[in-house]
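Note that the structure is a prediction, hence the values are computed from the model and not measured.
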Amino acid sequence: MVSPILLGWRHAPAPEALSTGIIDCPRGRITEIVGPRSSGRTSLLHSILAAATGRGEFTVLVDTNGAFDPCSAAAAGVELTKLIWIRCGGNVEHALRAADMVIHSGGFGVVAVDLAEATEAALGRIPSTAWFRFRRAVETTPTVLAVLAARPLTKSCSALLVEMKRRRVRFIGKLLRGAEYELVPRKPTGKDQIALYRAAV
C-alpha cells in the first residue's frame, strides 16, 4: 500500500471559526442562512455581527432591500460603531458589486449580504460564477461571508448552510375590542402545524 504522504496528499486543516454561541461560522468560507420571514434568520445574523464586533472586529452589512434595523441590532449586542451599513435600494446587482468590492478590500471579520427580501426574478439573474468568485476571494482571509436568503443560492460554494424554519404561531396578548379573530390552520408539516391568525376590524 502506497503511503498518502508519498503521493503528496494533504488534509486541509479545519478553518478557524467565529463562535456566536448558537453556531460556529467558519472563517474564510461562505455561511448561508436561509428561511422564510419570521424564522429567525435576522436574529442569527445579529448574533454573528455581535460576536464579531464584540471581539473588536469591523463588519459590513450589504443591505439589499433596506431591511436592517439598527435599534434591533444594537439591542442584540451589535456594536454599531464597528459596522458599515451599505444600502442598495433594492438592487441585487448593486449589492453583489458592493460585496465584491468589500471582500477584495479585506480587513473585515464579517461581510454579510442580505438578499432575503429580494425578488425571485432578481435572484434568478445572479450568475453562479458570482458565488465561486466570492468563495475564492474569502478562502485565504479570516472573513466570514454570511449570505441571507429565502432559499439556498450559493449551492456547493457554501461551507455551512443553516436552514431556519418557522415554529407554530401562537397568539399571546389581549384581544382588541371590536375585532374578530379567526384561527386558520394551514397544512401540517411533520409534527408541527403552522397557524395563521387573521383579524377583521
In terms of side-chain heavy atoms, does S19 have a donor or acceptor partner in D24 at a distance below 3.5 Å? yes

Do S156 and F132 come close enough that some side-chain heavy atom pair is under 4.5 Å? yes

Value rounded to 0.5 Å, distance of NZ in K165 from OG in S38: 15.5 Å

State the CD-CZ distance between E120 and R125, to the nearest 0.5 angstrom. 11.0 Å

Supply the atom-to-atom distance L44 CG to I23 CD1, rounded to the nearest 0.5 angstrom. 4.5 Å

Can you name the closest pair of heavy atoms from V144 and C25 and give their distance? CG1-CB, 3.8 Å

Non-hydrogen atoms of H94 and N91 that approach each other most closely: N-OD1, 3.0 Å

May I ask whether V34 and V110 are part of the same hydrophobic cluster, defined by side-chain heavy atoms of I, L, V, M, F, W, Y residues being less than 4.5 angstrom apart, directly or through others? no

In terms of heavy-atom contacts, A159 and R29 come closest through CB-CB, 3.6 Å

To the nearest 0.5 Å, what is the distance between NE2 (H46) and OG1 (T20)? 13.5 Å

Side-chain contact test, heavy atoms from C-beta onward, threshold under 4.5 Å: evaluate it for L61 versus L45 and give yes or no. yes

Measure across C88 and A95 and return the closest heavy-atom pair with its distance rounded to 0.1 Å. SG-CA, 3.5 Å

Residue list, salt bridge (charged side-chain N to carboxylate O under 4.0 Å, His left out) with E117, at least two apart or on another chain: R37, R41

For residues 82-95, the salt bridge (charged side-chain N to carboxylate O under 4.0 Å, His left out) pairs (sequence neighbours left out) are E93-R97

For the side chain of T64 and the backbone of D114, is there at least one donor-acceptor N/O pair under 3.5 Å apart? yes

Grab the two heavy atoms, one from S47 and one from I22, that are nearest each other, plus how far apart they are. OG-CD1, 3.9 Å

Remaining members of I86's ILVMFWY cluster at a side-chain heavy-atom cut-off under 4.5 Å? I30, F58, V60, V62, I84, V92, L96, V102, I103, F108, V111, V113, L115, L123, I126, W131, F134, V138, L145, V147, L153

With no hydrogens and no angle check, is any side-chain donor or acceptor of N65 less than 3.5 Å from a backbone partner on A67? no

Stepwise side chain to side chain contact (heavy atoms under 4.5 Å, CB included) test for E32 and L161: CA-CA 5 Å; E32 189 168 23; L161 172 63; 3.9 Å; yes

Please test I48 against I33 for side chain to side chain contact (heavy atoms under 4.5 Å, CB included), starting from the C-alpha separation and ending with a verdict. CA-CA 11 Å; I48 294 170; I33 303 166; 3.7 Å; yes

